[in-house]
Amino acid sequence: MTDRPTTELDPGPAIIRAYLYRALAVFMRELRTRADAGGGRLGEADIEEAARAFKQPDSPTLAAICRAAWKDCGLLYDAEDRGEDRKASFERLLVWPFAHLLPRSGNGNAGGQSISRHVIPGYLAAIEDLIGPLLFGRHQERCRELVRSTRSARGGAFHWDDVYADPTSQLIVDDVLVLVAQEFADFDEQRDWFIGLVNDAMPAPTNGSGHAAALDDEGFALIMNALFAHLAQDLRSKAGRARLVERHGEPAVERLRAFIGNLESGG
């Protein structure tokens with residue numbers, strides 16, 4: 001998820017430093033905005049007010065940076081050779097539908113229709129923000145149980161492809177996406193919020209130089225179309241739509257239909 005570690009820091013501390021750099025960059029952007037509004041002048045009181053605003057507990061930007069940093073550290077930790085059923089199973093499922101858009105190696109874009117791997121922690125933080133930490137945690141446990149049952153069914157042998165092939169995986173992802181779609185009553189506004197949050201939470205490389213490719217409208221569309229492809233297919237069939245209504249209710253399915261319609265029409 002991150003650049004190669006520099007010579008002076010191991011990977012974990014390098015991740016923390018990268019997000020500290022990101023927080024500083026966002027704070028500096030706020031200072032520049034305040035300076036521009038004040039005719040190019042920025043007093044001590046302006047700086048103190050900007051700092052107070054940035055440190056507010058309900059600051060969505062700071063929350064996104066903190067959540068993304070936590071998830072990036074967790075992904076690094078879970079990449080160690082430990083029990084597979086403990087390796088960020090829910091996070092893997094949430095990335096699985098658009099994994100083909102990610103570069104196969106390295107951390108940049110691979111050219112063509114690809115997404116920087118640096119968006120993943122911010123993307124996961126945005127999903128958690130949309131559905132709430134409580135539901136996020138419940139779905140994490142559903143995934144852990146799925147991995148445990150897969151391992152048990154295979155007599156201890158394990159491969160992630162077996163998890164992805166289990167229909168429960170798609171069901172878990174779809175349940176989350178239906179919840180996400182409910183939050184997009186104003187599609188354009190929420191799309192801009194989502195993109196902004198992901199980019200605000202995207203760290204600079206761990207050596208502090210340069211930036212990964214930011215998420216834009218096209219990248220958002222690529223990710224969301226891949227995520228919602230299965231639900232869009234269900235909505236196109238009478239039986240599929242009926243199953244969705246039975247599971248989620250008519251209002252939720254109508255909001256889902258509107259969300260996918262906005263995706264397909266480009267907003």
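In terms of heavy atoms, Arg191 sits closest to Gly266 at NH1-O, 3.8 Å. Shown here for Ala201 and Ala64, the closest heavy-atom pair between the two residues is CB-O, 3.5 Å. The nearest pair of heavy atoms linking Arg67 to Ala125 is CB-CB, 3.6 Å. Nearest heavy-atom pair across His118 and Pro121 is O-CD, 3.6 Å. A pairwise comparison of heavy atoms in Leu102 and Ile120 identifies CD1-CD1, 3.8 Å as the closest pair. Closest of all the heavy-atom pairs between Ile115 and Gly219 is CD1-CA, 3.8 Å.
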*Could you walk me through whether Leu146 and Ser89 pass side chain to side chain contact (heavy atoms under 4.5 Å, CB included), step by step?*
CA-CA 9 Å; Leu146 172 60; Ser89 52; over 6 Å; no
*Yes or no on side chain to side chain contact (heavy atoms under 4.5 Å, CB included) for Leu177 and Phe259, after CA distance, side-chain angles and deciding distance?*
CA-CA 10 Å; Leu177 296 179; Phe259 175 84; over 6 Å; no
*Would Val253 and Leu235 count as a side chain to side chain contact (heavy atoms under 4.5 Å, CB included) if you check the C-alpha gap in whole Å, the side-chain angles of each, and the deciding distance to 0.1 Å?*
CA-CA 9 Å; Val253 172; Leu235 285 176; 3.8 Å; yes
*Does the pair Glu91 and Val95 meet the rule for a side chain to side chain contact (heavy atoms under 4.5 Å, CB included), with working shown?*
CA-CA 6 Å; Glu91 287 80 356; Val95 173; 5.7 Å; no
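For the atom pair Ile195 CD1 and Leu197 CG, the distance stands at 11.0 Å (nearest 0.5 Å). For the atom pair CG (Leu215) and OG (Ser116), the distance works out to 9.5 Å, reported to the nearest 0.5 Å. Between atom CE of residue Met224 and atom CZ of residue Phe184 there is a gap of 5.0 Å, rounded to the nearest 0.5 Å. Rounding to the nearest 0.5 angstrom, the gap separating the CH2 atom in Trp193 from the CG atom in Asp200 is 11.0 Å. Atom CG of Asn199 sits about 11.0 Å away from atom OG1 of Thr61, to the nearest 0.5 Å. Rounding to the nearest 0.5 Å gives a distance of 11.5 Å between CG of Leu263 and CD1 of Ile223.
At distances below 3.5 Å, not a single donor-acceptor pair connects side-chain atoms of Thr150 with backbone N or O atoms of Val163. Of the possible donor and acceptor atoms, one in the side chain of Asn262 sits under 3.5 Å from a partner among the backbone N and O of Ala258. Looking at Asn225, its side chain does come within 3.5 Å of a backbone N or O of Ala221 through a donor-acceptor pair.
With sequence neighbours left out, Arg255 forms a side-chain contact (heavy atoms from CB on, under 4.5 Å) with Gln182, Ala185.
Clustering ILVMFWY residues whenever any of their side-chain heavy atoms sit less than 4.5 angstrom apart, transitively, puts Leu124 in the very cluster that holds Leu135.
Using a 4.5 Å heavy-atom threshold, the side chains of Val198 and Phe220 count as separate. You'll find the side chain of Arg247 reaches within 4.5 Å of the side chain of Leu171, heavy atoms only. Side-chain contact between Leu94 and Tyr123: present, with at least one pair of heavy atoms (C-beta onward) separated by less than 4.5 Å. Looking at heavy atoms from C-beta onward, Leu179 lies out of side-chain contact with Leu130 at the 4.5 angstrom threshold.
The pair Arg243-Asp234 meets the salt-bridge criterion, with a side-chain N (NZ, NE, NH1 or NH2) lying under 4.0 Å from an Asp/Glu carboxylate O. Salt bridge Glu250/Arg257: absent, no basic N to carboxylate O contact under 4.0 Å.
Side-chain atoms of His230 and Asp174 include a donor-acceptor pair closer than 3.5 Å.
Residue Glu246 qualifies as open at atom CD: its count of foreign heavy atoms under 6.0 Å is 12 or below.
None of Arg144, Arg142, His139, Arg138 except one satisfies the side chain to side chain contact (heavy atoms under 4.5 Å, CB included) rule with Phe90; the exception is His139.
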